[in-house]
Engineer: 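Dumping the structure here so I can ask a few things about it.
Quick note: numbers below take in every heavy atom, side chains included, and nothing from hydrogens, waters or symmetry partners. First the proteins, then the strands, lettered A, B, ... as listed; each starts at 1.
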Amino acid sequence: GEDVEQSLFLSVREGDSSVINCTYTDSSSTYLYWYKQEPGAGLQLLTYIFSNMDMKQDQRLTVLLNKKDKHLSLRIADTQTGDSAIYFCAEWSGYSTLTFGKGTMLLVSP
Amino acid sequence: DVKVTQSSRYLVKRTGEKVFLECVQDMDHENMFWYRQDPGLGLRLIYFSYDVKMKEKGDIPEGYSVSREKKERFSLILESASTNQTSMYLCASSQSGQGEGYTFGSGTRLTVV
């Protein structure tokens, strides 16, 4: 079945770049997403990428997609303490529901 | 701005009570979803609905039911609350056939004592 895997934890220093990685198994994935969840809150859509793209940039965020390896990454440039949150990767193949990873907790220290 | 509103941020209920969690969206979305989120388990889909009066079981429907009488409202019902249903509950909605993903509510933290 479909599966999305993420590492559970990442710790960086303020000002560094953060890279959060995700792998998925469904080769028919049409869209891939990154969501951010701050403590005690719901999930907020950060960005998404269509499967025919290999990169998308949005201000400090860069998404890279390697379709051959089924690997998605989110790079956050100049990471700030306000970026501390849980980041979820998700994929959608155009039918049924989104499949989410278990989330990566990003801790940014001053 | 699009919005999914969950009626309560925090709820405390007693074991055996019938509990209603309400979710309303103002985006005219066809699809609505209920998830629960637990540490180490990520998001688990309880029920979803593609249209009014329609419902589909997700991965963990046991102990839950849902109601969708109007397009904008999707209710999750715990028929007889148990302590293992203590969790964060997240509602989401989406538009069919579009890739913009889901819009989530702020969540309801339910504690069953």
Engineer: Considering non-hydrogen atoms only, spot the tightest contact between B/Phe104 and A/Leu43 and give its length.
Structural biologist: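 The pair with the smallest heavy-atom distance is CB-O, 3.3 Å.
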Engineer: Give the cluster check for B/Phe74 versus B/Val19: same hydrophobic cluster or not, with ILVMFWY residues linked at side-chain heavy-atom distances below 4.5 Å.
Structural biologist: yes
Engineer: At a 4.5 Å cut-off on heavy atoms, which part of A/Phe88 comes close to chain B: side chain, backbone, both, or neither?
Structural biologist: side chain
Engineer: Should B/Phe20 and B/Tyr35 be counted in the same cluster of Ile, Leu, Val, Met, Phe, Trp and Tyr side chains packed under 4.5 Å apart?
Structural biologist: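 In one cluster with B/Phe20: B/Tyr35, no.
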Engineer: Do B/Leu45 and A/Leu98 have side chains that get closer than 4.5 Å, going by heavy atoms?
Structural biologist: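 No, every pair of side-chain atoms sits at 4.5 Å or beyond.
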Engineer: Of the backbone (N, CA, C, O) and the side chain (C-beta and beyond), which part of B/Arg44 lies under 4.5 Å from a heavy atom of chain A, both, or neither?
Structural biologist: neither
Engineer: Report yes if the distance between the aromatic ring centroids of B/Tyr102 and A/Tyr35 is under 6.0 Å, otherwise no.
Structural biologist: no
Engineer: Should A/Leu107 and A/Leu10 be counted in the same cluster of Ile, Leu, Val, Met, Phe, Trp and Tyr side chains packed under 4.5 Å apart?
Structural biologist: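 Yes; tracing contacts between hydrophobic side chains, which count when under 4.5 Å, links both residues.
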Engineer: Checking heavy atoms, do the side chain of B/Gln6, its backbone, both or neither come under 4.5 Å from chain A?
Structural biologist: neither
Engineer: Looking at B/Gly105, B/Ser94, B/Gly58, B/Ser106, which one has more heavy-atom pairs under 4.5 Å with chain A than the rest?
Structural biologist: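 When all of B/Gly105, B/Ser94, B/Gly58, B/Ser106 are compared, B/Ser106 has the most.
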Engineer: Hey, any chance A/Leu65 and A/Tyr87 share a hydrophobic cluster, counting ILVMFWY side chains that come within less than 4.5 Å of each other, even indirectly?
Structural biologist: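 Yes, A/Leu65 and A/Tyr87 fall within the same hydrophobic cluster.
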Engineer: Does A/Val12 belong to the same Ile/Leu/Val/Met/Phe/Trp/Tyr cluster as A/Leu64, with side-chain heavy atoms less than 4.5 Å apart forming each link?
Structural biologist: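 Looking at the clustering, A/Leu64 is in a separate group from A/Val12.
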Engineer: Looking at A/Met105, I want to see if its CE is surrounded by more than 12 non-hydrogen atoms of other residues, nucleotides or ligands under 6.0 Å.
Structural biologist: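 No, CE of A/Met105 has 12 or fewer neighbouring heavy atoms, counting only those of other groups under 6.0 Å.
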Engineer: Given heavy-atom pairs under 4.5 angstrom as the criterion, report whether the side chain, backbone, both or neither of A/Leu45 touches chain B.
Structural biologist: side chain
Engineer: Could you look at A/Gln44 and say if it's the side chain, the backbone, both or neither that has a heavy atom under 4.5 Å from chain B?
Structural biologist: neither
Engineer: Give a yes or no on whether A/Lys102 atom NZ has more than 12 heavy-atom contacts from other residues, nucleotides or ligands under 6.0 Å away.
Structural biologist: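 No, NZ of A/Lys102 has 12 or fewer neighbouring heavy atoms, counting only those of other groups under 6.0 Å.
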